[in-house]
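Chain naming here is simple, since letters A, B, ... match the order of the sequence lines and numbering starts at 1 in each. No hydrogens, no waters, no symmetry mates; every other heavy atom, side chains included, goes into these values. Bear in mind the structure is a predicted one, so any value in this text is a computation, not a measurement.
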2 protein chains.
Amino acid sequence: MSIEDRYKLNKEITLIDIANELNVSKSTVSRALQNHHSIGAETTKAVHELAKKYNYQPNAIASSLFKKSTKTIGVIVPILSHYFFSTVIAGIEDVAYKAGYKVIICQSHELYEREVIVSKTLLSAKVDGLIVSVSKETVNMDHFQQFLDKNIPLIFFDRLPTGIQSNSVSVDDYEGAFKIVEHLIEQGCKRIAHFTGPLNIALAQNRLQGYKDALRKHHIPVNDELIYECGFERTQGITTTEKLLTDQVSVDAIFAVCDPVAIGVMLTLKQKSIKIPHDIAVVGFNDDPTATVIDPPLTTVAQPAFEIGVAAADIFLKQVIGPSRSYIKEVLKTNLTIRQSSLRKNR
Amino acid sequence: MSIEDRYKLNKEITLIDIANELNVSKSTVSRALQNHHSIGAETTKAVHELAKKYNYQPNAIASSLFKKSTKTIGVIVPILSHYFFSTVIAGIEDVAYKAGYKVIICQSHELYEREVIVSKTLLSAKVDGLIVSVSKETVNMDHFQQFLDKNIPLIFFDRLPTGIQSNSVSVDDYEGAFKIVEHLIEQGCKRIAHFTGPLNIALAQNRLQGYKDALRKHHIPVNDELIYECGFERTQGITTTEKLLTDQVSVDAIFAVCDPVAIGVMLTLKQKSIKIPHDIAVVGFNDDPTATVIDPPLTTVAQPAFEIGVAAADIFLKQVIGPSRSYIKEVLKTNLTIRQSSLRKNR
DNA sequence: TATATTTACGCAACCGGTTGTGTAAATATA
DNA sequence: TATATTTACACAACCGGTTGCGTAAATATA
């Protein structure tokens with residue numbers, strides 16, 4: 001069948017079609033499209049013209065098979081519909097796109113099993129690299145080991161795993177927590193509760209530690225009754241606040257592990273007519289867009305989500321170009337963003 | 001090299017490695033892994049055992065090349081970090097995952113050129129289907145035509161294109177707008193402004209039309225001075241509100257094309273100490289999580305974002321199984337969600 | 001016992017690019 | 001003029017699975 005016929009029938013146009021039309025071999029066409037020097041100028045021109053005329057789209061699959069590079073980066077996040085994660089992905093995508101990479105995104109839905117399955121899928125899909133924020137259930141990291149074994153760049157962000165050495169991008173959770181708790185103390189708070197994330201996750205541990213150390217620095221005893229293991233969701237912020245109120249625990253501030261939880265806390269307190277920050281000050285972590293919507297606006301620790309994505313993708317590109325034995329651990333700075341939800345002193 | 005050696009060296013284990021080890025042909029191994037009836041029970045068992053022992057991962061690329069199916073769905077959204085889009089994607093991913101499909105997500109960043117490029121990339125990547133919400137710049141749809149030509153299922157959602165016949169999933173924007181404007185009228189509003197989206201987008205047109213028809217039904221003249229072309233972003237809601245206030249246009253309600261805009265409106269009004277809903281009622285469209293955070297909570301039209309994703313992926317699956325000449329146009333119902341931002345009557 | 005059928009597997013082509021090697025013709029150098 | 005080099009292209013192997021077809025041996029049927 002002629003290339004003309006195939007084109008009209010919406011058949012896939014391949015190198016062979018172009019080769020047949022020009023009476024050259026497909027290797028010549030392949031090289032001509034790459035502007036290889038060993039192909040004559042006229043031939044090269046003719047090939048490019050035909051390719052354009054018939055809207056030739058190279059089959060990336062075939063190319064990948066031989067080149068062993070799919071030009072794709074796999075990304076696994078616990079949940080896509082959180083502003084933090086979707087913004088990180090936007091950062092990854094931005095860098096990847098400019099470097100000619102596609103991005104395959106998977107959600108673990110905070111489920112360990114699902115994380116294992118999608119990581120296998122991405123391994124089979126031969127992604128050139130993997131960027132991950134692990135699920136809150138994940139303790140065993142074996143499913144990631146294979147990427148390291150096969151020298152596929154592996155970069156963790158935000159939720160860093162324990163017990164596996166690899167590249168990572170995170171923020172200084174300890175310092176962020178320390179600063180925001182210190183800020184609460186400066187505002188006169190003395191009984192500061194902390195709603196933590198799942199404690200198998202390093203960032204939750206680090207924020208907790210920052211909280212404790214800030215208290216100790218200011219000679220405020222750390223009271224385990226003020227530490228509630230919570231989670232990352234607004235709903236968990238709501239239920240934990242209700243628990244705290246039923247427990248009749250007296251507090252003058254709540255430091256939530258992240259903004260969605262802080263929002264849940266504030267909504268619950270407001271519903272019970274507890275004044276923020278007068279009765280209880282509330283602070284979070286992340287600087288979600290919602291932080292400026294709630295009344296009073298939420299004091300929080302701003303994380304550069306987009307930049308985290310950019311940094312992760314940059315590490316990927318570095319490792320692809322020159323794979324190295326050493327790991328890159330990047331820790332970005334946070335920014336204490338003070339708003340009304342924590343301001344108890346008159347100014 | 002023996003399979004044992006290759007395994008230890010972290011080399012890729014292939015069908016051939018297993019075949020050599022068992023002294024059978026690779027076609028036998030391939031069939032054994034598929035539990036093909038023509039392969040003996042013992043051989044099948046031995047193959048599976050070896051595959052497991054050496055953690056054999058089939059090369060999906062090689063398989064795709066022959067089968068002409070990559071088991072991936074491409075998704076193009078304008079922007080990922082909007083709750084609506086990330087939730088739709090979650091819905092798509094949910095269905096896709098269960099059916100054994102991966103999802104490649106791309107952002108157009110509301111740029112026509114970028115949309116063209118990513119659609120070409122996805123075409124080269126041989127996605128089995130494409131689900132799209134077009135960018136606000138997009139007028140020309142030629143880049144999508146190729147998917148139709150090649151019988152690759154193409155499904156639009158939310159932002160439906162004009163001038164191209166294809167599958168689509170949307171909500172009844174007209175009806176949603178009509179109902180919410182009617183609600184405002186019932187609350188006694190007479191000078192209702194509308195902040196529209198870009199008017200080349202069908203949904204913006206439909207919501208505008210719903211707005212106009214609701215006014216007409218209740219014998220309120222449509223006043224072009226009350227219609228502001230705005231956009232989909234919170235920032236645009238802020239600037240447009242500022243414009244309206246400088247224009248000294250007198251209104252008693254604002255119907256924003258979507259919740260982010262409505263939030264921008266409310267924040268601006270609150271900043272100017274304009275009482276909501278007493279002075280000006282505000283309503284949106286989408287039911288973002290933020291709608292319940294702002295004070296007063298935002299009256300809005302709830303769109304089933306997750307279900308939209310599910311519906312789009314379901315259409316894809318249907319078309320993959322039995323490609324048909326006809327298109328599926330699914331229109332989901334919206335839900336008027338009344339909160340305090342629009343309640344002007346005492347109850 | 002002779003023929004038909006089933007079982008179990010190998011061979012080789014195929015998917016669509018990519019690239020190392022070979023070679024004839026054209027040009028350059030000795 | 002004889003040899004060396006460059007130019008421009010073809011051939012074929014290759015990437016790693018998949019599948020149609022062929023066939024010998026084992027079993028079933030007549």
Please check if any side-chain donor atom of [X] sits under 3.5 Å from a side-chain acceptor atom of [Y], or the reverse.
{"X": "A/Q34", "Y": "A/S30", "value": "yes"}
{"X": "A/E12", "Y": "A/N59", "value": "no"}
{"X": "B/S124", "Y": "B/T121", "value": "no"}

Original post:
For DNA chain D, whose closest nucleotide is more 5', that of A/H37 or that of B/P58?
Top reply: A/H37

Atom-to-atom span, [atom1] of [X] to [atom2] of [N] - whole angstrom:
{"X": "B/N23", "N": "C/dC9", "atom1": "CG", "atom2": "P", "result": "12 Å"}
{"X": "B/N59", "N": "C/dG16", "atom1": "CG", "atom2": "P", "result": "17 Å"}
{"X": "B/I16", "N": "D/dT18", "atom1": "CD1", "atom2": "C1'", "result": "13 Å"}
{"X": "B/H36", "N": "C/dT6", "atom1": "NE2", "atom2": "C1'", "result": "14 Å"}
{"X": "A/I18", "N": "C/dG17", "atom1": "CD1", "atom2": "P", "result": "8 Å"}
{"X": "A/I61", "N": "D/dG16", "atom1": "CD1", "atom2": "C1'", "result": "13 Å"}
{"X": "B/L65", "N": "C/dA13", "atom1": "CG", "atom2": "P", "result": "17 Å"}
{"X": "A/Q57", "N": "C/dG17", "atom1": "CD", "atom2": "P", "result": "11 Å"}

Original post:
Once each nucleotide of nucleotides 18-23 of chain C is scored for protein heavy atoms under 4.0 Å, what B/S/- sequence comes out, 5' to 3'?
Top reply: BBBB--

Which part of the nucleic acid does [X] contact within heavy-atom distance under 4.0 Å: base, sugar-phosphate only, or nothing?
{"X": "A/T43", "value": "sugar-phosphate"}
{"X": "B/D17", "value": "nothing"}
{"X": "A/T14", "value": "sugar-phosphate"}
{"X": "B/V24", "value": "sugar-phosphate"}

**OP:** Could you measure between the two P atoms, the one in C/dA26 and the one in C/dA30, and give it in whole Å?
**Re:** 22 Å

Subject >> Parallel, tilted or perpendicular: ring planes of B/F157 versus B/F84, cut at 30 and 60 degrees >> reply: tilted

Subject >> Salt bridge flag under 4.0 Å for residues B/D94 and B/K98 >> reply: yes

Original post:
Salt bridge check: are A/K45 and A/E49 linked by an N-O gap of less than 4.0 Å?
Top reply: yes

Original post:
Between B/H109 and A/Y97, is the gap from one ring center to the other below 6.0 Å?
Top reply: no

Original post:
Under 6.0 Å between ring centres, would you say that holds for B/H48 and B/Y56?
Top reply: no

Subject >> Residue pair A/S64 / B/I61: nearest heavy atoms and the distance that separates them >> reply: CB-CG2, 4.0 Å

Original post:
Is the distance from OP1 or OP2 of D/dG16 to the nearest side-chain N or O of A/K126 less than 4.0 Å?
Top reply: no

Original post:
Residues in salt bridge (charged side-chain N to carboxylate O under 4.0 Å, His left out) with B/R114, at least two apart?
Top reply: A/E93

**OP:** Give each stem of DNA chain C as a range with a range, requiring at least 3 consecutive Watson-Crick or G-U wobble pairs whose two distances are under 3.5 Å.
**Re:** C:1-26 with D:5-30, C:28-30 with D:1-3

**OP:** For B/K68 and for B/S38, find the nucleotide of DNA chain C with the closest heavy atom, then tell me which residue's nucleotide is more 5'.
**Re:** B/S38

